[in-house]
Amino acid sequence: MSRNGCLLCAPLVAESVDEMLSQMRVAKKNGADVVELRVDYIQGFAPEMDLPRLIRGRVLPVIVTYRPKWEGGNFEGDEVFRVKALRKAISLGADFVDVELQVAAEFLECSTPERKDSSSRVVVSNHNYKMTPSLGEIGSLIARIQSIGADVVKIVTTAEKVTDVARVFHAVVHSQVPTIALVMGPKGLISRLLAPKFGGFLTFGALGVGQESAPGQPTLLQLTQMYRVDRMDRDTKVFGIVGNPVGHSKGPIIHNAAFQEIGVTIPFKEDALRCCDEVDPIAQAIGAVNTIIRRDGKLIGYNTDCEAAISAIEDALRGKKVDTRLKNR
């Protein structure tokens, strides 16, 4: 489990049981804490045969989701059949079962026998594919889901503007139960990236591009490698890039790599400066050294990071000028 308490969940959208089991192993290798089994994606899904294979063959905790068309999923069929499959998942010991708010009260009542002898937890979810409601409406929605008896609350909205995410964050921070609160679409991306900072129960990361289960979903490797969400906590400082358009920017890749490097090596470079007998003026101004030379029995500290960075920028600028001249010929 991520050290910040926010689970990294990989939604599995395979079309066969064998492929889904294979994807589960990949998800574990790539750092997932839990997987969502989107069984509504499986072609010819047969709950009595397929659920035992998926649940007993799991290598990670699982959320079983059988999403109907009317809630943005793929299942089109008899509702009684779908509910029976979810009850079967509980009886088999699925770690979580996701049920839509619209049918949750009835489901929780009819599944009492299965839940009595099972450790399964019920996620009650609600998806808004049009907009993000007001803060008051979001608060009322969470309270309603909680009152039904949900073990985990899940609300998903759609971002019309970036600031919509603030209302969702506010709701998560003040929720009294484990809450998944995410905002779909490109403008809602930060709700997925900053879920650990604001106390979200989990955030979703697809196995790869094209394997997303919702609009705006980053990949699992982007979450762990580029944004380092598994190391994020409430005290993590957040920096952003402002622009329009900005989705193509390489800034997050460059800056987060730099933050990671600085966060690891700077303390040692600062300590090294204090160990020197003499310090070059530039290194003294920076407050850190990365090179120490012994000369005449003394340790003299220098900082070559600054010079290297400036040289790289100058080289890039010179190259740009050369390219410009060639194009103008």
Side-chain angles (χ1 to χ4, degrees), residues 1-11 27-36 60-61 63 95-96 121 123 125 132 135 138-139 142 146 150-157 159 162-184 186-207 214 216-242 249 251-271 288:
M1 180 175 179
S2 299
R3 68 185 186 187
N4 52 32
C6 180
L7 298 171
L8 298 183
C9 179
K28 182 178 182 180
K29 181 180 178 181
N30 288 350
D33 301 302
V34 59
V35 292
E36 181 184 32
L60 285 172
I63 303 171
D95 303 276
F96 300 90
R121 302 169 70 182
V123 180
S125 60
T132 297
L135 181 58
I138 294 174
I142 290 177
Q146 183 180 353
D151 296 307
V152 180
V153 171
K154 180 183 177 183
I155 60 168
V156 182
T157 67
V162 175
T163 52
D164 288 346
V165 178
R167 299 197 294 278
V168 173
F169 281 154
H170 186 277
V172 176
V173 168
H174 292 88
S175 178
Q176 300 301 307
V177 295
T179 300
I180 304 165
L182 302 168
V183 186
M184 294 183 287
K187 294 178 181 177
L189 176 62
I190 57 175
S191 71
R192 301 176 182 279
L193 305 182
L194 300 183
K197 179 175 176 64
F198 291 93
F201 182 70
L202 65 73
T203 189
F204 291 91
L207 281 187
Q217 206 171 73
T219 67
L220 190 60
L221 291 180
Q222 285 174 333
L223 288 176
T224 57
Q225 296 182 6
M226 187 190 306
Y227 295 103
R228 297 172 290 138
V229 299
D230 51 330
R231 285 164 280 177
M232 189 183 296
D233 58 31
R234 294 179 186 272
D235 297 323
T236 299
K237 293 181 179 179
V238 178
F239 298 83
I241 298 172
V242 178
S249 174
I253 299 174
I254 297 169
H255 294 135
N256 284 322
F259 290 152
Q260 183 172 7
E261 175 66 17
I262 290 171
V264 172
T265 62
I266 276 293
F268 298 108
K269 294 176 181 179
E270 291 173 342
D271 291 341

- Message: Going by the rule side chain to side chain contact (heavy atoms under 4.5 Å, CB included), which residues pair with His174 if we only count those two or more places apart in sequence or in a different chain?
- Response: His170
- For the residue pair Val172 and Ala181, what are the closest heavy atoms and their distance? CG2-CB, 3.1 Å
- In this structure, CD of Gln222 is separated from CZ of Arg228 (nearest 0.5 Å) by 14.5 Å
- Contacts of Arg167 that satisfy salt bridge (Lys or Arg N to Asp or Glu O under 4.0 Å) - sequence neighbours left out: Asp164
- Item | Closest non-hydrogen atom pair between Gly188 and Val165, with its separation | CA-CG2, 3.9 Å
- Query: Which atom names give the shortest non-hydrogen contact between Asp95 and Pro61, and what distance separates them?
  - Reply: OD2-CA, 3.2 Å
- Message: Strictly distance-based, threshold 3.5 Å: is any side-chain N or O of Lys197 a donor or acceptor partner for the main-chain N or O of Thr236?
- Response: yes
- Any donor-acceptor N/O pair, Ser191 side chain to Val183 backbone, under 3.5 Å: yes
- Message: Evaluate Leu202 against Leu8 for side chain to side chain contact (heavy atoms under 4.5 Å, CB included), listing each step before the verdict.
- Response: CA-CA 6 Å; Leu202 65 73; Leu8 298 183; over 6 Å; no
- Item | Approximate separation, where rounding is to 0.5 Å, of Gln225 CD and Asp230 CG | 9.5 Å
- Task: Calculate, to the nearest 0.5 Å, the distance between atoms CD and CG belonging to Gln217 and Leu189 respectively.
- Result: 10.5 Å
- Item | Sequence neighbours excluded - salt bridge (charged side-chain N to carboxylate O under 4.0 Å, His left out) pairs with any residue from residues 168-184 | none
- Query: So how far is it from Leu193 CG to Met226 CE, rounded to the nearest 0.5 Å?
  - Reply: 9.0 Å
- Query: Among all residues two or more places apart in sequence or in another chain, which pass the side chain to side chain contact (heavy atoms under 4.5 Å, CB included) test with Ala195?
  - Reply: Cys6, Thr203
- Item | Heavy-atom check, side chain of Val153 versus side chain of Ile155, under 4.5 Å | yes
- d(Phe204 CZ, Ile180 CD1) to nearest 0.5 Å is 5.5 Å
- Note on the structure: Hits for side chain to side chain contact (heavy atoms under 4.5 Å, CB included) against Phe96, two or more places apart or cross-chain, chain-then-number order -> Ile63, Arg121, Val123, Val152, Phe201
- Message: Would Asp33 and Leu60 count as a side chain to side chain contact (heavy atoms under 4.5 Å, CB included) here? Give the steps.
- Response: CA-CA 7 Å; Asp33 301 302; Leu60 285 172; 6.0 Å; no
- Query: Looking only at heavy atoms, which two atoms of Ala10 and Leu220 are closest? And how far apart?
  - Reply: CB-CD2, 4.4 Å
- Check: Thr179 side chain, Val177 main-chain N or O, donor-acceptor pair, under 3.5 Å: yes
- Can you see which heavy atom on Ala288 is nearest to which on Glu270, and at what distance? CB-N, 4.2 Å
- Please name all residues satisfying side chain to side chain contact (heavy atoms under 4.5 Å, CB included) with Pro186, sequence neighbours left out, ordered by chain then number. none
- Query: Do you know the tightest heavy-atom contact between Gly205 and Pro11?
  - Reply: O-CD, 3.3 Å
- Thr219 OG1 to Leu207 CG distance, which is reported to the nearest 0.5 Å: 9.5 Å
